[in-house]
Structures are given as structure tokens and as C-alpha cells.
Amino acid sequence: MSSLFPHLFEPITLGARTIRNRIVSSGHDTVLDENGMIGEDLVAYHEARAQGGCGLIVLQVSGVHETARYTNHVLMATDDSSVPGYRAVAEAVHRHGATIFAQLFHPGREVMDGERGMAPRAVAPSDEPQERFKVVPEALSTTVIKEIIAGYASAAKRIADSGIDGVEIVASHGYLPIQFFNPRVNTRTDEYGGSQANRRRFLTEVVAGIREAVGPDVVVGLRISGEEKTEDGLVATEILDLIEDLEAMTILDYFSITAGDSSTLQGAVHIVPSMQIDPAYAATLSEQVKKITDKPVMVAGRINQPHEAEKAIAEGRTDMAIMTRAMICDPAIASKAQRDAVDEIRACIGCNQACIGHFQMGVPISCIQYPESGRELTFLPRPTVRTRRRVLVIGGGPAGLKAAAVAAEAGDEVVLCEREPHLGGAVLLAQELPYRSEFGGAATNLSAEARRAGVDIRTSTPVTQGILNEVAPEHVIVATGAKQRMPHLEVDDEAVVIGARDYLRARPTLPAGRVLVSDWKGDWIGLGIALRLAEARVPVTLATAANFAGAAIQQYTRTLLMSQALRAGVDFVNDARLVGIDATTGYLQSTLCEIIHEVEGVAATIVSGAPQSVVPDLDFGSASVRTIGDAVAPRTVEEAVFEGLEAASNLSTVS
Ligand SMILES: Cc1cc2nc3c(=O)[nH]c(=O)nc-3n(C[C@H](O)[C@H](O)[C@H](O)COP(=O)(O)O)c2cc1C
Ligand code: SF4
């Protein structure tokens, strides 16, 4: 038993089930389905989290009616072909002592994908337009409303009969049940619209229908946003009123509290809050809910470390802690916390890149720090080598650290040389950007993994022929990263021009006046530098060669960053590449046509251009050589870490 986290590891009873601890993986769409069904990948994914010690796993959304297909890969629970999948995942999770529920879902107007690339088609209580996905839904007929309500009940019964312990109605984030309740979204005048009792009717009929279908032994819970935090969204008092009314039905076994709403960019950031948002911030909402119900309450939102979870439970603000990305990033976080091995935890940094970012691209989710996530069947369990080999890794950035850790864990003898005094490579610069200091956690986590695995780490050590002779490696992994590259520009002698990496590294004092930031990629570097300057009251123009600033950043993270930049007064020029700078004017060429845009009164220009790979000029003799990460082609930490995993895994011979 944990001495550090006594509340977190106390069992808890939800309806007819007792759960071994308070750590929850909440419903998250993994895009690991097989044509809308649960297959081996999804089973292996959840089995890893159950084995990692969490108490409860809630499966991703399952559609309850044909009109519930919000993406082209959504799980569907509308017929018995789904049964073997639910059964397999239930058995796998139960094998490791965890409990498993499944989410029952209808998106209403929140539909992202249409059929084969066509515009999405959706149904909703009324035809009120949806702003984020640009959907104008069709108002539901009473006949289809009844069909959908029946769909919730029959899906619940099917799922429960498959061995899943409970079901959770998704009334959060502006999905169908709460669309009915919201008078700004539901403008019907029949028995499902108008008065509060009428707007509540859809949800209460769903709740009652499910309980009747599954009986008393199956847990039935509700997920709801404690506050929708958006234009036309429901505020906390409206939600608390609804919960009080639902509570009076004495049917629901628990409440799962989150925040936000899917229909606007502003509301959607709370669905998966990124690193700019404080850990456990939504516990202020669950605390309110706990005051009006005796039923267990759980809360989500950046609870990425066990001490945050323990604190929220100990203070009575929630009964259970949702740690979803925490377990995408480290599936074994619960067992590590339970044996008080907090130093071994690979903490989620809230970057959103490979988890919700992948979901939004319609590809299987993973984690930039832990690419084994979502690829369990390919990379786990880690093979062990039959014959120990000498491996030299050149470069201590994310790619090199991951490769070194994985090779050493498999049993190889690994030396890692980094020319700089500190490990982390590009991550060390990324963490210098405003609101991005948490990104440095990726370097800390990867370095700790390499050290624990027994890698011989040598910093301030450029690889020379002498080192090669000493280590005599059989395998060399080149992970030397990338450096700054300045684009070809016409530059006046009097102009002040600085590369973005140099600026971040040295933070020189700039001459007074407007700063022009030129951004090639549309990533965090250009936008982050512009934001930092604007917040220091420096006039800034950000010129991006992307379609819009931050185009390469995951949507929720970008929304927060852009709202900060707008408030700070950054000027934007989109679709524009920097071509020349004279003493006080920057010349921008449109990336779309011949138009030249001039930015006047420029005191200094910071250039964030395309980086350039760094490849060492060394003779590796007979050793096998593999180049990975930015040294092959500059990209992001995600590709670097993945290629480190892949390179080291492919060195191994399985015993
Ligand atoms: C990839 C991904 C997919 C998600 N899909 C769902 C979903 O299917 N149903 C749901 O209720 N929430 C979904 N969420 C939200 C999570 O359940 C959770 O509330 C959110 O990640 C915040 O918790 P965390 O900070 O512990 O990650 C998703 C989150 C992620 C990262
Ligand atoms: S990709 Fe980033 S936000 Fe997502 S789980 Fe990994 S560290 Fe966390």
C-alpha cells in the first residue's frame, strides 16, 4: 500500500461494483477500432492500462443509433456484431483486476466527418448551426427521438450482457442529451423543448430506459460538463439544477465531471486542456457537484501526477481522479504511485500532439513521449537480447535518449555521447517559449529513463575517432539533431536580423521599436516569440508562410496561444514569406501570388526558418549505422522519439 497516496488507493463503490482504487482512465476515442469494432489493438491498449494498476477504465464513445456516427471510425453498439469486441476487452481488463465501463453516445450536431469526404450531416433538437465544424443540423422528428432513446437502452443492454461492468451516458461537451437541455440550442416547441421540464425530458427518458434495460447490477453513470465555458453554453448554475433533478430520479450511480463544449473553439479547449491550463482546474466544478449529491463524483482535466489526484480527493473536491492522458503517457502510473516510485513516472506534459492531435487527424492515438502507446502489439513487451552488443548513440536529444533507453532496457551495453553540457537537444529550446516550460519535462523524463536503464551517459563529449576506438561499437545510432538555417534574404547592412534559435538561447536586448517575426512553419516557435515580445509591450508583427499562425499546432493548444497573442496585440500577416529587410522595412512576398507586403518601422527581425539536419563526418568502420530523428529530416519530438524506439527495437534479437 502506498504511504504517499492513501486516499488514492482506497477502494470505492459505484452502484453494484467496488473499484480497487480511485484512478480512472476516462472515455477517449483512440481511433484503434477495426471498422467501428473493438479489435486486438484496442484490447491490448486497455489491457496495458489495467495491468498498469488503474481502478477503472471507461471505454471510448460507442454510437447508439445510425445518426450517431460523429467520425468515420466511431465504435458502434447498434447490433450484435459489436459483442465479441466488448467481451474481449472486458475479459482482458478484468484479468488484471480493474473495472470497465463503456460510454453511450450520440453527438447530435457535433459531427466531424461526412461520408467519403462529403460535408457532415447531423441531427439535433433544432437546426441551430454548429460553429466549429460548420454543421447546420436537421431538426429531429419525434419518431427519431424515440428511436434514439430506445437505442441508448438497447446498446446498454448489449454492452452489459457482453461482460462490461457499467455504462456512462455522455451528456458532456455539448453532445445530444445536453443539446436538448440548452435553451440556446434547443428551440423546439413540442414536449422536448420550451420549459426546463421539457428540455430535460430527453435525458431523463434515456436514464430511465437504460436502467430498465440493464437492471440494478450494472453501474449507470453520467458524464457532464460542470460548465460549458463558451458563448451560448450552459453555466454552472444551470448544470447544477439539472444534476439535482437527475439525482432525484435515484437511478444514476455516479457523476463524471468535465468542462467545456465542442461547438466552439473557445469551449473545445476544455475537452482536452493543454499545458497552459493549471493541473486539476476542473475540481472547482466537481466540488460544487459533490455538495448536491451523495453519489461518487470523478473529475477530469490535467490531473497528470498522483499528488494532484491525492490532494483533490483528500480535500473532498472529488472522489475519484481521472488521469487519462497521464495513462496514455505512462500506463503504469498507478502501480508506480502505489509503490511510491514517483521518480519513475513519465508525466504527461499536456502538449496534445499525439493523443487528441492524432484523433483529430483520424489516425490512432499515441504519445510523443511514449510511442509504444497505441502500438502495444508491435513494441511490447520489450524483447531481451540473447547476446549483449555494444551500441553507441550520438546525440542526447529526444531521439538519442529514447534509442539509448530502449536498447539498454533490452540488455545492450549502451554509451550515449552528447556534445553539449545538458541532455535534451531541441526540447531545451522549446521549453524557453512562453507557457511551454512544461515541455522540458519530456527531456527530464527521457533522460531519467536512459539513466535507469543503465546507459553510460557522457555529456560535453563530442564523438571523435578516439571515442569510437574506445567504445568499439557494433551498432551506431546517429541522433545529432538539426541546427538553425537562415533563408536566402536580401538584407541591408543596417538591419538587425537574428535567428530564432539564437534569440531563444541568448535572449539579446533588441533595439526599441517594432519586431518582425518571420515564421516558416506555423509552429510554436514563431508564435511563442511574438507572444513573449507582445506581452513585454513590444510592438510585433508575426508573418507566417503557413495559412495562419500556429497552423502546425494542435487545435486546442493553438486556440489558447492565439487568444493570448490576440489579447497581447500581436499583428498577423498570413501566407507570407520574408524576402528582404532594409534598415527599417521588412519585405514579405505572398505565398499565393506576386503581391509584396511591406512592414514599416521595423527595428529588428527574428527569423524562424526551416531547420537543417546535422550529420557527423566520422568513419564508423564495420559498425552498422542508423540515422534517426532530426538528423535525417528535421521534424518534431514525436518523430524523433518514435524513430529512437524503432531503431533500438530493430537492433534486438529476441531470446
Ligand atoms: C484522444 C482523446 C480522445 C477523447 N475522446 C473522448 C471520448 O470518446 N469521450 C469522452 O467523454 N471524452 C473524450 N476525451 C476526453 C477525456 O475523457 C478526458 O476528459 C480529457 O482527456 C481530459 O482528461 P486528462 O487531462 O486526464 O487527459 C478524449 C481525450 C483524448 C485525449
Ligand atoms: S502526446 Fe502530449 S498531451 Fe498527449 S499524452 Fe503524450 S505528453 Fe500528454
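Note that ligands are numbered from 1 as they come in the structure, with each ligand's atoms numbered from 1 the same way. Since this is a predicted model, take the numbers as computed values, not measurements.
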Just to confirm my output: which protein heavy-atom neighbour is closest to [atom], and how far is it?
{"atom": "atom 26 (O) of ligand 1", "value": "T324 N, 2.9 Å"}
{"atom": "atom 6 (Fe) of ligand 2", "value": "C367 SG, 2.4 Å"}
{"atom": "atom 3 (S) of ligand 2", "value": "N352 N, 3.0 Å"}
{"atom": "atom 19 (O) of ligand 1", "value": "R223 NH2, 2.8 Å"}
{"atom": "atom 4 (Fe) of ligand 2", "value": "C355 SG, 2.4 Å"}
{"atom": "atom 29 (C) of ligand 1", "value": "V272 CG2, 3.5 Å"}
{"atom": "atom 28 (C) of ligand 1", "value": "H28 CB, 3.5 Å"}
{"atom": "atom 7 (C) of ligand 1", "value": "G27 O, 3.2 Å"}
{"atom": "atom 5 (N) of ligand 1", "value": "D29 N, 2.8 Å"}
{"atom": "atom 15 (C) of ligand 1", "value": "I271 O, 3.7 Å"}
{"atom": "atom 18 (C) of ligand 1", "value": "S26 OG, 3.5 Å"}

Quiz item: Within less than 2.8 Å of atom 6 (Fe) of ligand 2, any N, O or S from C351?
Solution: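 Under 2.8 Å: C351 has no N, O or S contact with atom 6 (Fe) of ligand 2.
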For a 4.5 angstrom cut-off between non-hydrogen side-chain atoms, does [X] reach [Y]?
{"X": "Y45", "Y": "I365", "value": "yes"}
{"X": "V61", "Y": "Y175", "value": "no"}
{"X": "R302", "Y": "E308", "value": "no"}
{"X": "L8", "Y": "I23", "value": "yes"}
{"X": "E247", "Y": "L222", "value": "no"}
{"X": "I148", "Y": "F202", "value": "yes"}

Give the numbers and elements of all ligand 1 atoms closer than 4.0 Å to a heavy atom of [X].
{"X": "I365", "value": "1 (C)"}
{"X": "I322", "value": "26 (O)"}
{"X": "A300", "value": "19 (O), 23 (O)"}
{"X": "C355", "value": "1 (C)"}
{"X": "M323", "value": "26 (O)"}

Quiz prompt | Ring-face cation contact, F379 with R375, 6.0 Å cut, 45° max | solution =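 No, R375 does not lie over the aromatic ring of F379.
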Rounded to the nearest 0.5 Å, what separates atom [atom1] in [X] from atom [atom2] in [Y]?
{"X": "I257", "Y": "Q288", "atom1": "CD1", "atom2": "CD", "value": "11.0 Å"}
{"X": "K295", "Y": "L252", "atom1": "NZ", "atom2": "CG", "value": "7.5 Å"}
{"X": "E131", "Y": "R109", "atom1": "CD", "atom2": "CZ", "value": "9.5 Å"}

Self-check item: Contacting atoms of ligand 2, where contact means under 4.0 angstrom from a heavy atom of I368
Solution: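 Those atoms are 1 (S), 6 (Fe).
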Quiz item: Counting from 1, what ligand 2 atoms have a heavy atom of R325 closer than 4.0 Å?
Solution: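 Listed by number with element: 3 (S), 5 (S).
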Practice problem: Could you confirm whether C348 has any N/O/S atom lying under 2.8 Å from atom 8 (Fe) of ligand 2? | Solution: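 True for C348.
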Quiz item: Just heavy atoms, cut-off under 4.0 Å: does H173 contact ligand 1 by side chain, backbone, both, or neither?
Solution: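 The answer is neither.
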Quiz item: Judged by non-hydrogen atoms, does G301 sit under 4.0 Å from ligand 1?
Solution: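 Yes, G301 has heavy atoms under 4.0 Å from ligand 1.
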Exercise. May I ask you to say whether E344 pairs ionically with K336, meaning some side-chain N is under 4.0 Å from a carboxylate O?
Key: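 Between K336 and E344 there is no salt bridge, as every charged N stays at least 4.0 Å from the carboxylate O atoms.
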Quiz prompt | Pair T557, Q554: side-chain N/O donor-acceptor within cut-off below 3.5 Å | solution =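 Per modelled atom types, T557 and Q554 side chains form a pair under 3.5 Å.
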Quiz item: Does Q369 approach ligand 2 within less than 4.0 angstrom via side chain, backbone, both or neither, non-hydrogen atoms only?
Solution: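 Side chain only.
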Quiz item: Given the side-chain rings of H106 and Y152, with only the six-membered ring counted for Trp, is the space between their centroids under 6.0 Å?
Solution: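 Aromatic pair excluded; centres sit 6.0 Å or further apart.
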Quiz item: Between F133 and Y70, is the ring centre distance below 6.0 Å?
Solution: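 No.
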Practice problem: Could you pull out, from R325, H270, Q103, the option with a heavy atom nearest to atom 24 (P) of ligand 1? | Solution: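 When every heavy atom of R325, H270, Q103 is considered, R325 comes closest to atom 24 (P) of ligand 1.
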